[in-house]
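Protein chains get the first letters and strands the later ones, always in sequence-line order, with residue 1 at the start of each. Model, not experiment: these values are computed from the prediction.
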Amino acid sequence: MCPTKQKMSNKTGQDEGEEQGFRRRLLSWFDENRRDLPWRYVDDPYAVWVSEIMLQQTRVTTVLDYYERWMKRFPTVEDLAEADLEEVLELWSGLGYYRRARHLHRAATTVVDEFDGELPQSVKGLKKLTGIGDYTAGAIASIAFGQVEPLVDGNVMRVIARYYAQDEDPKRGAGKRFVWDQAGKLVDPGRPGDFNQGLMELGSLVCTAKSPKCSECPLRRGCQGFACGDPTRFPPTATPTRQGPMRGRVCVIYRFSGGEAEFLLRRRPAEGLLAGLWEFPTVEVDGKSWPTLKDLRGWLSGEAETDQDRDLSKEFGEIEHVFSHRRLRVKVHQWDVSALHWPTLGKRWRWVSEAELSGVASSALMGKVKRLWTEQSEDRQQEIPVSQNG
DNA sequence: AATTCGGGGAA
DNA sequence: TTCCCAGAATT
């Protein structure tokens with residue numbers, strides 16, 4: 001508990017004065033310091049929607065490139081609704097949390113088919129679309145439609161928890177209600193979208209998690225966390241549940257066809273992790289011991305006549321890939337099957353040329369495998385006689 | 001209320 | 001390394 005923490009006044013007149021000062025100082029700061037982001041100054045609810053989905057659990061700097069590519073390919077909600085899921089996932093490849101892309105695509109078809117191509121303007125209406133929750137509904141309603149609605153994201157949680165020296169965890173229970181209540185009381189009736197973006201911008205640029213720049217903060221004077229002397233005490237940090245390490249093997253199976261390399265990709269199941277994405281055949285196990293080569297060739301048994309143990313044992317690299325709460329290290333194998341007769345492929349398998357590889361929906365880990373392959377292709381060409389390429 | 005989702009960059 | 005980011009859906 002903060003020793004200098006002040007009681008909130010219940011006198012209506014005083015609250016309104018406090019809130020108006022908060023709004024004025026925040027908006028004034030935002031007008032001076034707002035970043036020039038591509039989804040700002042755009043009078044297009046669809047563009048706001050796309051940006052907000054991409055920004056879920058993802059930093060602004062990461063989103064920029066994806067957003068530009070997306071809007072170029074799918075400029076309107078109709079373009080998105082008409083697109084194949086495969087292409088949607090392809091544009092999302094590497095951004096993570098792929099469910100967002102699936103939901104956005106499905107919601108786009110809902111908007112076109114049921115709402116005559118227009119996004120709902122109310123929070124209640126917006127939340128009926130899959131992928132739009134409390135935060136995103138508030139964001140679209142206030143930013144795109146000027147509705148006086150609050151929004152709470154990670155930044156807003158932190159700013160408000162500090163400003164009021166709130167001890168409760170803002171992610172749940174009483175702390176969550178408190179933050180949403182305050183956000184609702186504070187939001188500026190005249191410029192709700194700018195106010196909300198200003199709150200997030202302040203959290204992102206000034207009221208940062210580790211070392212807040214209180215000397216630059218427009219809200220310092222009324223901030224009870226600053227008055228406490230240590231604003232980083234708020235909000236309290238919830239201890240994350242950490243998962244154990246994982247080990248895996250990835251196999252780049254390739255052959256030469258017409259002078260160009262082709263790769264064998266496998267499609268992941270429609271449900272579960274990385275649903276529907278393509279990958280170089282992979283095996284993974286929990287823990288720190290490596291899966292065996294036998295594990296790697298398990299899915300190949302009976303598919304091709306070869307001495308798989310020997311052929312698959314060619315390793316050309318190791319990659320570490322870090323997820324939200326997991327750490328996967330994979331050994332990368334290569335296998336040239338140019339000389340082998342390969343059986344007919346089922347629906348889950350596909351040969352892809354090197355040029356086509358970048359146009360396939362896949363995870364960030366597969367991107368790393370691909371880059372590793374490309375980086376080492378010069379070395380490989382020195383080792384492998386040119387005759388193999390013809 | 002607690003998990004799951006499989007990216008990534010700053011400190 | 002750790003933290004946590006313009007979170008939502010599911011259980």
Is a salt bridge present between A:Asp134 and A:Lys127, judged by a nitrogen-to-oxygen distance below 4.0 Å?
-> yes

Selection from C:dA8, B:dG8, C:dT2 that lies nearest to any side-chain heavy atom of A:His321 = B:dG8

Polar atoms only, N or O, under 3.5 Å: list the protein pairs with nucleotides 9-11 of chain C and their distances.
| from | atom 1 | to | atom 2 | distance (Å) |
| --- | --- | --- | --- | --- |
| C:dA9 | OP1 | A:Gly131 | N | 2.4 |

Which atom pairs link the protein and nucleotides 9-11 of chain B when you take only N or O atoms and keep those under 3.5 Å?
| from | atom 1 | to | atom 2 | distance (Å) |
| --- | --- | --- | --- | --- |
| B:dG9 | N2 | A:Arg59 | NH2 | 3.1 |

Proximity to the side chain of A:Glu320 - top-ranked nucleotide from C:dA6, B:dG7, C:dT1 | C:dT1

A:Thr58 near the nucleic acid: base, sugar-phosphate alone, or nothing, with a heavy-atom cut-off under 4.0 Å?
-> base

Does a side-chain N or O from A:Arg158 land closer than 4.0 Å to OP1 or OP2 of C:dC5, or not?
-> yes

A:Arg40 with A:Glu201: basic N within carboxylate O range, under 4.0 Å = yes

Just checking A:Trp39: base, sugar-phosphate only, or nothing, at a heavy-atom cut-off of under 4.0 Å?
-> base

Are A:Phe178 and A:Tyr164 an aromatic pair by the rule of ring centers under 6.0 Å?
-> yes

Hey, is CG on A:Asp113 packed in by over 12 heavy atoms from elsewhere, all under 6.0 Å?
-> yes

If only side-chain N and O atoms of A:Ser51 are considered, is one of them under 4.0 Å from the OP1 or OP2 phosphate oxygen of C:dA6?
-> no

Which part of the nucleic acid, if any, lies within contact of A:Leu95, taking any heavy atom under 4.0 Å across all strands shown: a base, the sugar-phosphate backbone alone, or nothing?
-> sugar-phosphate

Separation of the P atoms in B:dA11 and C:dA6, to the nearest angstrom = 13 Å

Between A:Arg267 and A:Glu279, is the closest basic N to carboxylate O distance under 4.0 Å?
-> no

For A:Thr208, report the nucleic acid contact type (base, sugar-phosphate, nothing); a contact means any heavy atom under 4.0 Å.
-> nothing

Does a donor on one side chain sit under 3.5 Å from an acceptor on the other, for A:Thr130 and A:Arg102?
-> no

For A:Glu279, answer base if it contacts any base atom (sugar-phosphate contacts may also be present), sugar-phosphate if it contacts only those atoms, and nothing otherwise; contact means non-hydrogen atoms under 4.0 Å.
-> nothing

Give a yes/no answer on whether the side chain of A:Gln57 brings an N or O atom under 4.0 Å of OP1 or OP2 in C:dC5.
-> no

Salt-bridged, A:Arg327 to A:Glu320, with N to O below 4.0 Å?
-> yes

A:Tyr66 side chain N/O closer than 4.0 Å to the phosphate oxygens (OP1, OP2) of B:dG7?
-> no

Is the shortest side-chain N to carboxylate O distance from A:Arg191 to A:Asp31 below 4.0 Å?
-> yes

5′-ward residue of the pair A:Ala364/A:Arg172 relative to DNA chain B = A:Arg172

Cation-aromatic face contact A:Arg350/A:Trp278, 6.0 Å, 45 degrees = yes

Looking at A:Trp290, is A:Lys331 sitting on its ring face, NZ or CZ under 6.0 Å from the six-membered ring centre and within 45 degrees of the normal?
-> yes

Atom C1', compared across B:dC5 and C:dC4: separation rounded to whole Å = 15 Å

Name the nucleic acid region contacted by A:Gly94, choosing base, sugar-phosphate or nothing; use a 4.0 angstrom heavy-atom cut-off, strictly under.
-> sugar-phosphate

Looking for any heavy atom pair under 4.0 Å, which part of the strands does A:Asp134 touch: base, sugar-phosphate only, or nothing?
-> sugar-phosphate

